[in-house]
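Below: one structure, written as structure tokens.
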Amino acid sequence: MNLSLCCISNILAEQGHKFRTMTYKSFSSKERSESLEKLSEIIINNFTVSEKIVRHCAANNIQGYRLSSDLTPVIKHPEVMLALEDLPNYNLINKSIEDLSHTIKETGIRVSAHPSEYITLTSDDDVKIKHSLIDLEMHGEIFDRLNLSRSYYNPLNIHIRKEGDAEELSGTFIKNFERLSESVKSRLVLENNDTGNTWTVSNLKKYFYNRHNIPITFDNLHHEMLNHGTSHKDAFFDAFSTWNCAPIFHYSEGKNGTRAHSDMAENLPVHYDKDVLFDVELKNKDYAILDILKRYNEREILTTV
DNA sequence: ACCAGTCAAGGAAGC
DNA sequence: GCTTCCTTGACTGGT
């Protein structure tokens, strides 16, 4: 069972290895030089924590890691717009990125990311599109700096977000997709969602894979909530067939039948004997993953005796 | 040390 | 055309 940790290790956080962030409100409330110093420290901290988490995954038989999408907070805010090179102690920032890169290579942990839920390539508002393009490009830059492959082996996963006419929305999406660099385009994949009625696996496949070869991420919980009558197995294989490498799918369970993620899993991810990496979206994070692995291995022992 | 309120984002729904 | 909700972790300011 190949599992991937989603952003935070609760185990390491309890030991004091925590991510930090900075809002624009905070950045702009102090002297610029003071804010830049603080931001530089935050970014170094975040890459260093990521490196520790990758090591932690490798030590615990967790094959994948979804990087946080807030490693470099506020730098691409419209009123800030800085490059990493503009920050104090850039050499130390670069060193923290190189350390993470080396650890990823050394451990063989497969890395992905899920840029903000608020990113949209389907908005009518070009300002919002531009913010989204900039945010995606920052992810591409970080992936490039980490020497991650420009392929779906290291995917950047987003949602379509907007509801409405699939034909029209997919046209808008592709028009904006073409504005992205190769760094992003070569990694971008799309995930099914349930917040409306449109973006099931089969519609994503029809409008984005069949026409543009963009792979589809299968999320079992979103599928449960919106499936247009398609079974779990059919949706799984529909999405599976869109990848040119082992897919990264999402696994979670809802709290009392809702879309709110539960703390721990009660069941196991179903992979139909296929090679899939499951990004586990459960609140107890690595505790939930270690529990799944333990139960899975116990079941393997029972069924092979 | 701890707690409650704040912050960030785009879209949808409800007045 | 407003406000509120959605989500979620860290930050912030008060005790």
Side-chain angles (χ1 to χ4, degrees), chain A residues 5-30 34-35 37-50 53 66-81 113-139 156-166 168-170 172-173 176 190-191 193-199 219 221-222 225-226 250 252-263 279-288:
Chain A
L5 176 64
C6 173
C7 308
I8 291 167
S9 159
N10 283 0
I11 293 171
L12 294 187
E14 284 162 12
Q15 296 169 16
H17 305 296
K18 294 180 181 177
F19 290 110
R20 298 177 60 199
T21 191
M22 187 184 243
T23 60
Y24 177 66
K25 193 179 172 78
S26 161
F27 180 88
S28 56
S29 71
K30 298 193 179 70
E34 187 188 337
S35 289
E37 284 290 339
K38 186 177 170 188
L39 179 54
S40 175
E41 284 172 22
I42 287 172
I43 290 171
I44 293 165
N45 170 77
N46 290 349
F47 282 110
T48 305
V49 169
S50 301
I53 296 177
R66 180 199 292 183
L67 280 179
S68 162
S69 283
D70 199 28
L71 293 170
T72 60
V74 304
I75 71 169
K76 296 303 176 189
H77 186 283
E79 302 297 324
V80 182
M81 282 306 286
H114 192 341
S116 162
E117 292 292 309
Y118 293 97
I119 282 178
T120 176
L121 293 180
T122 44
S123 179
D124 297 326
D125 182 345
D126 201 51
V127 173
K128 286 165 184 165
I129 296 289
K130 276 181 180 146
H131 293 165
S132 297
L133 297 175
I134 288 166
D135 194 325
L136 286 169
E137 291 298 342
M138 189 65 212
H139 281 83
L156 297 172
N157 175 79
I158 62 171
H159 292 285
I160 295 294
R161 300 216 61 220
K162 202 168 175 184
E163 291 293 316
D165 182 70
E168 187 184 330
L169 290 171
S170 61
T172 307
F173 180 96
N176 291 315
L190 288 168
E191 178 188 349
N193 209 352
D194 64 71
T195 47
N197 191 39
T198 314
W199 299 113
D219 180 301
L221 186 58
H222 291 315
M225 311 293 285
L226 180 73
H250 295 174
S252 66
E253 295 178 14
K255 207 175 266 180
N256 314 317
T258 69
R259 65 167 63 86
H261 292 154
S262 58
D263 295 342
D279 217 347
V280 178
E281 298 176 320
L282 293 165
K283 287 185 84 79
N284 288 3
K285 304 288 183 181
D286 37 358
Y287 286 115

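Chain letters run A, B, ... following the sequence lines, proteins first, then strands; residues in each count from 1.
- Checking the phosphate oxygens (OP1, OP2) of C:dT8, a side-chain nitrogen or oxygen of A:His261 falls inside 4.0 Å.
- For A:Lys285, whose side chain is taken as the heavy atoms from C-beta onward, the closest listed nucleotide among C:dG9, B:dG11, B:dC7 is C:dG9.
- Atom-to-atom, CD1 of A:Ile160 to P of B:dA12 comes out at 12 Å; the value is rounded to the nearest Å.
- Using a 4.0 Å cut-off, no side-chain N or O of A:Ser132 falls inside it from OP1 or OP2 of B:dG10.
- Note: CG (A:Leu121) to P (B:dG11) measures 11 Å, nearest angstrom.
- Relative to the side chain of A:Lys162, the nucleotides C:dT7, C:dT8, B:dG11 differ in distance, and B:dG11 lies closest.
- Distance from the side chain of A:His77 is smallest to B:dA9 among C:dA10, B:dC7, B:dA9.
- Here the nucleotide nearest the side chain of A:Lys128, chosen from B:dG11, B:dA8, C:dT12, is B:dG11.
- When atom types are taken as modelled, the side chain of A:Asn193 and the backbone of A:Leu226 share no donor-acceptor pair closer than 3.5 angstrom.
- In this structure, A:Glu163 atom CD and B:dA13 atom P are separated by 8 Å, rounded to whole Å.
- As a whole-Å value, the separation of A:Arg20 CZ from C:dA10 C1' is 10 Å.
- Proximity note for A:Lys18 (side chain, C-beta onward) versus C:dG9, C:dA10, B:dA8: the nearest is C:dA10.
- Regarding A:Lys255, its NZ atom lies at a distance of 11 Å from the P atom of C:dT7, rounded to whole Å.
- For A:Thr21, taking side-chain heavy atoms from C-beta onward, the closest of the listed nucleotides B:dG11, C:dT12, C:dC11 is C:dC11.
- Atom CD1 of A:Ile119 and atom P of C:dC6 are 22 Å apart (whole Å).
- Taking atom CZ on A:Phe27 and atom C1' on C:dA10, their separation rounds to 18 Å, with Å as the unit.
- A side-chain donor-acceptor contact under 3.5 Å links A:His114 to the backbone of A:Asn157.
- Rounded to an integer number of Å, the gap from A:Ile75 CD1 to B:dA8 P is 17 Å.
- Distance alone, capped at 3.5 Å, places no donor-acceptor pair between the A:Arg20 side chain and the A:Asn46 backbone.
- A:Thr122 places no side-chain N or O within 3.5 Å of a backbone atom of A:Leu169 that could act as its donor or acceptor partner.
- A residue-by-residue look at A:Ile8 and A:Lys30 shows that A:Ile8 has its nearest nucleotide of DNA chain C further toward the 5' end.
- Taking the six-membered ring for Trp, A:His250 and A:His261 have ring centres at least 6.0 Å apart.
- The side chain of A:Tyr118 approaches C:dT7 more closely than any other nucleotide in the set B:dC7, C:dT7, B:dG11.
- Taking only side-chain nitrogens and oxygens, A:Ser116 never comes nearer than 4.0 Å to OP1 or OP2 of B:dA8.
- Put simply, A:Thr195 has no side-chain N or O that comes within less than 4.0 Å of OP1 or OP2 on B:dA12.
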